[in-house]
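Hydrogens, waters and symmetry mates play no part in the numbers below; they use all other heavy atoms, side chains included. For ligands, and for the atoms within them, numbers begin at 1 and follow the listed sequence.
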Amino acid sequence: TAHTVLLATTKPFAKDAVAAIKTICEEHGLVFDKLEGYKDRAELYAAVASAEACIVRSDVCDEEFFSHAKKLKVLVRAGAGVDAIDLAAATRHGVCVQNTPGQNSNAVAELAFGMLLAHKRNYFDGNSGTEIRGSSLGLYGCGNVSRFMILAAQGFGMDIYAYDPFLTPDQITDLGAEPLYDVPSIFKCDVVSLHVPSTRETKHSIDEKLLRSMPKGGVLINTARKNIVQEADLLKALVDRPDLSYLADDKPDNTEEIKESLGEVRVKKQFLVTPKKMGAQTAEANSNSGIAAAKQVVEFFRDNLVKHQVNVNGKHF
Ligand code: 3PG
């Protein structure tokens, strides 16, 4: 009998991406089912009960999810970050979890630069701003997003530095950045951009000390996860240092408190948050990651091929 693939997204993909996922599944004899914009966890549990494969975005997949997913063999996160998935629970339930690394990366890098440029030009209010040519860019994490950050930063004439504990200095040099050897060194740059996953090591790793160590006029861009930064520390640093700015795509839980503490004028100067996490919200990223996910499901069933599995070798984030 044909395997059923469920596309379950609280934040639906663009229509074209959904159509492409459906076509790929059906062309390969898989049954396509979808649950978009669900509000209730019970809807998700009911839908996943008959699925052998499931494609998700940032949807929370916890022990309860897996306990309802009795037939599930493969769960593909169409995107990079798997922090919403309980990987240990998936392993216990015998589910292979995969992601689609690199598919959203250009979209995220373009958002990071877009936020930076808009910020530097006062959100186009007509007032005189500053340029980024000649300033330094520090990248924390030098993976798929940072590769695009480097290409863009080269075009803008920035001095580019990067730290990544999983790469050798030579690999970082080859990518076009000057290697740094620890996190504090990154924070000496004029612009710091975070491109690390949310893991045990990175969670809450950006603290008051690092934030305060930034040079005058420092800008921290966070298009990664909000929990990389210690939010209470962020509030203190922004209040005490009117020259610092935080531009983020995954808004901190204490956003309202930060806004109240800074007041309207300083919010505009120092604090930009998107209303909804939108780094991967482009037509291209939706199609890239959705199609990659569908192809991985096809390969899993048709070819017994496992790509980008994230719950192997005890590598549980
Ligand atoms: C990712 O991890 O790939 C991005 O954060 C995108 O997440 P989303 O699919 O929830 O937009």
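- At least one side-chain heavy atom of F300 sits under 4.5 Å from a side-chain heavy atom of Q98.
- One option in Q103, R57, K277 has a heavy atom closer to atom 7 (O) of ligand 1 than any other, and that option is K277.
- When non-hydrogen atoms are compared, ligand 1 lies under 4.0 Å from the side chain of R225 (C-beta onward) but not from its backbone.
- Looking at G79 next to ligand 1, no N or O pair under 3.5 Å apart turns up.
- Salt-bridge formation is detected for the pair R41/D62: a Lys NZ or Arg NE/NH1/NH2 atom is positioned less than 4.0 Å from an Asp or Glu carboxylate oxygen.
- Remark: ligand 1 atoms within the under-4.0 Å shell around heavy atoms of A280 are 6 (C), 11 (O).
- A salt bridge is defined here as a Lys NZ or Arg NE, NH1 or NH2 lying under 4.0 Å from an Asp or Glu carboxylate O, and E63 with R92 meets this definition.
- Every atom of ligand 1 with a heavy atom of G81 under 4.0 Å away is listed here by number and element: 1 (C), 2 (O), 3 (O).
- At a heavy-atom cutoff of 4.0 Å, ligand 1 is contacted by no atom of M278, backbone or side chain.
- In this structure, F156 has its ring center closer than 6.0 angstrom to the ring center of F113.
- Remark: E26 engages K22 in a salt bridge, criterion side-chain N to carboxylate O under 4.0 Å.
- Residue-to-ligand polar distances place A80 within reach of ligand 1: an N/O pair is separated by less than 3.5 Å.
- Checked by atom type, the side-chain pair Y140/D164 shows no donor-acceptor distance below 3.5 Å.
- Any N or O atom pair closer than 3.5 Å counts here, and Q281 shares no such pair with ligand 1.
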Side chain to side chain donor-acceptor pair (under 3.5 Å) assessment of H195 paired with S193: CA-CA 6 Å; H195 301 292; S193 199; 2.8 Å; yes

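- Given atom 8 (P) of ligand 1, the protein heavy atom at minimum distance is S58 OG, 3.4 Å.
- For ligand 1, the atoms lying closer than 4.0 Å to a non-hydrogen atom of K11 are 8 (P), 10 (O), 11 (O).
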